[in-house]
Amino acid sequence: MSGVQDDLDARLRRAFSGIDTATGFDSRLDARIAALPQGLAASQRARAERQRARAVKLLAREAWLNAATAVGVGAAATAVIWRHGPAVACWIEGALGAAADPAALMAFASAVLVAGLWPVLKGLLPR
Amino acid sequence: MPTDEAIIQLVQASREREAFEQLVPAYRRRVFGLAYSILRDRAAAEDLAQEVFVKLWQALPRYDGRAKLSTWIYAITRNAAVSALRARRRSVSMSDVSVLAEVEGIAATPAIEPEDAALRRQVETLPEKQRQAITLYYLDERPVDEVAEMMGLPANTVKTHLHRARASLAAALASPPEEFA
């Protein structure tokens with residue numbers, strides 16, 4: 001069986017030998033490349049670099065916006081607590097008290113569940 | 001032979017012309033072989049290889065090194081070859097394509113023995129992937145891993161295609177029709 005396989009291997013190598021590009025392939029390719037508009041590669045490189053720079057700029061802007069939002073929310077919360085400390089403490093106490101009520105807790109949990117599943121539920125609603 | 005790393009370094013240094021000059025001799029046989037394995041016609045494969053290298057020249061500045069250079073080149077070649085094959089099928093009926101490919105491809109091969117031409121015709125009758133795997137494997141005696149990368153398939157799948165193709169061809173040799181005798 002191995003002899004048959006070896007023979008087949010040899011015949012297949014022979015059958016596919018000599019299949020190659022014709023002579024002058026490289027010079028024909030050079031001619032085609034030379035016929036392309038000058039500066040094409042340079043303009044494409046410039047375009048790719050512009051796209052990369054734009055993406056980097058967008059990401060940097062988003063990062064700054066996120067940081068500014070976090071700082072703003074933190075500063076506002078600090079200012080509210082600073083100015084109205086006792087009222088905030090009273091409100092938190094009330095909220096915690098409400099959380100201790102099982103019915104209120106269940107309503108809150110259900111609201112969170114619905115909000116979480118909203119994208120899925122929206123898809124099920126008739127249009 | 002220049003390595004892929006050397007070519008990539010030249011691209012990253014914006015020296016596309018030098019990168020391209022190294023890329024063409026490094027990939028000419030492989031691009032042509034892959035095109036030939038899909039189109040089954042030497043002249044069409046050569047035209048397609050030219051097209052692919054023009055595309056590579058135009059796309060080289062955008063190559064960002066995320067994909068392996070060879071994988072990128074093979075994907076461009078496969079897509080171009082499949083598009084060319086579809087275009088040809090639109091203009092010629094399937095049976096005509098087979099006949100044309102057989103006649104043009106085999107007749108264009110220099111000094112091929114009649115029994116080897118018969119074997120090539122037998123290869124033409126194999127299922128597409130088996131034929132492609134056999135062609136790529138024997139055209140340049142490439143390792144299975146490289147044939148797999150060229151075809152965009154796992155190595156084990158290519159091994160299976162090669163095994164089945166060899167079995168079919170061995171069976172045909174064992175019970176030869178008149179042309180094998």
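Just so we're clear, the structure is a prediction, and the values are computed from it rather than from any experiment. Order of the sequence lines sets the chain letters (A, B, ...), proteins ahead of strands, with each chain counted from 1.
Heavy atoms of B:E141 lying under 4.5 Å from chain A belong exclusively to its side chain. Looking at A:R32, the atoms closer than 4.5 Å to chain B (heavy atoms on both sides) all sit in the side chain, from C-beta outward. Both the backbone and the side chain of B:V54 come within contact range of chain A, judged by heavy atoms closer than 4.5 Å. With a threshold of 4.5 angstrom between heavy atoms, B:F20 approaches chain A through side-chain atoms but not through N, CA, C or O.
Distance check, rounded to the nearest 0.5 Å: CZ of B:F53 to CZ of A:R28 gives 12.5 Å. The line from CD1 of A:I19 to CZ of B:R29 is 8.5 Å long, rounded to the nearest 0.5 Å. Rounding to the nearest 0.5 Å gives a distance of 13.0 Å between CZ of B:R120 and CZ of A:R14. With rounding to the nearest 0.5 angstrom, the CZ atom of B:R166 is 5.5 Å from the CG atom of A:D9. A distance of 7.0 Å separates CZ in A:F16 from CD1 in B:I134, rounded to the nearest 0.5 Å.
No more than 12 heavy atoms of other residues, nucleotides or ligands sit less than 6.0 Å from atom CZ of B:R164.
The shortest non-hydrogen separation linking B:L119 to A:A15 is CD2-CB, 4.5 Å.
Contact residues of residues 20-27 of chain A toward chain B are A:D20, A:T21, A:A22, A:F25, A:D26 (heavy-atom distance under 4.5 Å).
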